[in-house]
*Asks:* 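Here it is: the structure, laid out below.
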Amino acid sequence: MIKAVRGTRDILPPDSALFELVEERAREVFHLYNFQEIRTPIFEDTQLFSRSVGEETDIVGKEMFTWEDKARAQSEKAQSLTLRPENTAGVVRAYIEHKLGDKGQLQKLYYIGPQFRRERPQKGRYRQFYQIGAEVIGPPSAGSESPARDAEVIEMLAALLDRVGIKGSTLQLNSVGCANDRAKYNEALRAALKPVVGQMCVDCQRRAETNPLRVLDCKVPEDQPIIAKLPKISDYLDEPCREHFAEVKKILDAVGVKYEVNERMVRGLDYYTRTTFEFTHGGLGAQSALLGGGRYDGLSEALGGPKAPGIGFALGLDRFVIALQSETQSAQTPSVKAFIAPLGDGMNAAAAKLARELRAQGVALDLGDESFRLKKSFEAAERAGAQFVIIVGENEVKADAFAVKDIKSGEQRTVARAELVQALKANP
RNA sequence: GCGGAUAUAGUUCAGCGGUAGAACACCGGUCUGUGGCACCGGCUGUCGUGGGUUCGAAUCCCACUAUCCGCCCCA
């Protein structure tokens with residue numbers, strides 16, 4: 001038997017309804033904030049990711065699905081392609097390629113789609129996973145650098161969580177400063193770690209070498225007192241970064257979005273600058289990050305584009321759905337208004353004709369088969385969640401009026417063809 | 001990539017050397033144009049895959065694969 005490959009999965013009903021629900025709500029909320037959809041390719045030139053996400057990150061270093069695309073002619077070079085591991089790089093690439101900055105306006109773009117990382121699968125972690133994300137990007141003159149944009153994006157996410165009905169999540173906020181600040185901080189961290197790293201866990205000893213920022217993320221209890229004494233990123237922010245962060249917090253306070261400043265929150269993509277944030281949720285096991293994002297003021301330039309500061313986020317749809325399931329029991333399964341039961345040989349055609357008429361007028365319905373006995377039709381109707389059964393038999397066709405039965409009450413009456421839609425819609 | 005657990009019907013699980021089972025679900029009948037109840041009957045399985053031990057393996061052993069839980073990392 002051929003099975004779905006490692007880390008991929010089929011999302012079947014009724015679970016797929018939850019994905020649909022979250023996607024619908026997200027679109028509604030995005031439109032309230034004037035975001036429009038962008039769809040970028042699922043694979044890109046490998047360099048796009050190595051230059052944005054960062055050559056040294058785990059994502060680029062060992063988690064990408066990359067292959068050599070065959071050259072089609074002698075004169076052509078083979079090209080290294082990669083299944084996108086995230087979508088911000090693709091959006092910024094499109095921004096540069098289509099000169100969206102020349103419009104002078106802020107671009108507010110959202111996307112929904114699959115991403116790919118070759119990680120070990122776990123609860124809430126798949127090799128093909130789905131993200132919903134949005135980006136605000138544009139020339140500085142359009143206000144793309146303003147802390148108001150950071151606050152707006154974060155506030156929008158709080159609104160989305162409310163709208164979908166996720167309650168038990170917390171917002172963690174931090175500022176990682178600009179590239180200069182981070183370089184200085186990294187150095188200070190290395191220096192501070194040198195004398196004490198020997199007393200720390202083996203993981204930290206390794207992190208101190210490869211990526212000192214990650215030490216802050218350590219969960220080993222014994223290491224906590226040491227970590228508490230390490231230098232803080234907030235002490236290494238320059239004045240503009242400090243003011244920017246203060247303003248973000250001020251606006252969030254004003255609109256009533258609760259957050260915790262977490263100076264130990266570290267994000268794994270190299271392009272982040274200044275504001276970073278994460279919404280976490282219990283009930284996700286080790287994968288507690290529901291969604292994460294931040295500012296990326298230098299990304300466009302790193303990709304050879306114009307100066308185009310931006311801020312965005314990505315929401316893990318798979319995890320979002322798990323969080324939703326852990327809070328609410330049932331996804332309401334979509335249902336139809338009526339079920340048409342053709343009764344007796346030769347009735348399929350008349351039933352199909354009626355179904356076409358009703359559906360054209362916006363009545364959702366399911367259609368049985370003339371081979372079904374009534375009992376079977378009723379059961380099928382019940383399973384489809386139908387409110388009414390419409391019987392299409394010889395008598396009905398002759399009279400051009402149909403038996404309409406209310407499944408719950410058992411009441412039945414005969415309704416002329418012309419009045420059928422009205423009769424169905426009159427009963428909510 | 002590392003560590004641990006698990007893998008039997010559509011689902012939840014029992015069986016732990018001797019004929020593959022239960023419950024629920026599903027299908028059919030009683031009941032040929034009025035269901036949901038009841039009763040009767042039935043289907044569903046390479047017992048994750050491959051190898052080994054044994055007269056005999058779902059059961060014991062080995063390898064592989066997948067899933068789940070941690071680590072790592074991230075959404």
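Only a predicted model underlies this, so the values are computations on that prediction, with no experimental measurement involved. Order of the sequence lines sets the chain letters (A, B, ...), proteins ahead of strands, with each chain counted from 1.
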*Asks:* Determine whether A:I226 and A:Q199 make a side-chain contact, defined as any pair of heavy atoms from C-beta on separated by less than 4.5 Å.
*Replies:* yes

*Asks:* Please name the nucleotide paired to B:U6 by Watson-Crick or G-U wobble geometry with both distances under 3.5 Å, or report none.
*Replies:*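 With both distances under 3.5 Å, B:U6 matches B:A66.
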
*Asks:* Taking only the side-chain heavy atoms of A:R125 (C-beta and beyond), determine which of B:G36, B:C27, B:G1 contains the nearest atom.
*Replies:* B:G1

*Asks:* For the side chain of A:E379, counting heavy atoms from C-beta on, which of B:G33, B:G36, B:A75 is nearest?
*Replies:*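 Of the options given, the side chain of A:E379 lies nearest B:G36.
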
*Asks:* Between B:A75 atom P and A:M64 atom CE, what is the distance in whole Å?
*Replies:*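 Going from CE in A:M64 over to P in B:A75 covers 15 Å.
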
*Asks:* Only pairs with both distances under 3.5 Å count, Watson-Crick or wobble alike; so what is the partner of B:C55 in this structure?
*Replies:* B:G18

*Asks:* Any donor-acceptor pair under 3.5 Å joining the side chain of A:R118 to the base of B:C73?
*Replies:*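 Per atom types, no contact qualifies.
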
*Asks:* If we ignore angles and hydrogens, is there a donor and acceptor under 3.5 Å between the side chains of A:Q128 and A:T8?
*Replies:*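 There is no such pair (donor and acceptor under 3.5 Å, judged by atom type) between the side chains of A:Q128 and A:T8.
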
*Asks:* Answer yes or no: does a side-chain N or O of A:R319 lie under 4.0 Å from OP1 or OP2 of B:A75?
*Replies:*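 No, no such contact exists.
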
*Asks:* May I ask which nucleotide in the shown strands pairs with B:C39, Watson-Crick or G-U wobble, both distances under 3.5 Å?
*Replies:* B:G29

*Asks:* Do the ring planes of A:Y271 and A:Y296 sit parallel (below 30°), tilted (30 to 60°) or perpendicular (above 60°)?
*Replies:*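 Answer is perpendicular, since the angle exceeds 60°.
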
*Asks:* What is the distance, to the nearest angstrom, from the CG atom on A:N87 to the P atom on B:A75?
*Replies:* 13 Å

*Asks:* Output the rounded distance in Å from CD (A:Q412) to C1' (B:G33).
*Replies:*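 After rounding, the reported distance stands at 9 Å.
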
*Asks:* Would A:K108 and A:E135 pass as an ion pair if we require N to O under 4.0 Å?
*Replies:*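 No.
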
*Asks:* With P as the reference atom in both, quote the distance from B:C62 to B:A22 in angstrom, rounded to an integer.
*Replies:*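 Per the computed distance, 32 Å lies between those P atoms.
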
*Asks:* Rounding to an integer number of Å, can you tell me how far A:E119 CD sits from B:G70 P?
*Replies:*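 Distance, rounded to whole Å: 15 Å.
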
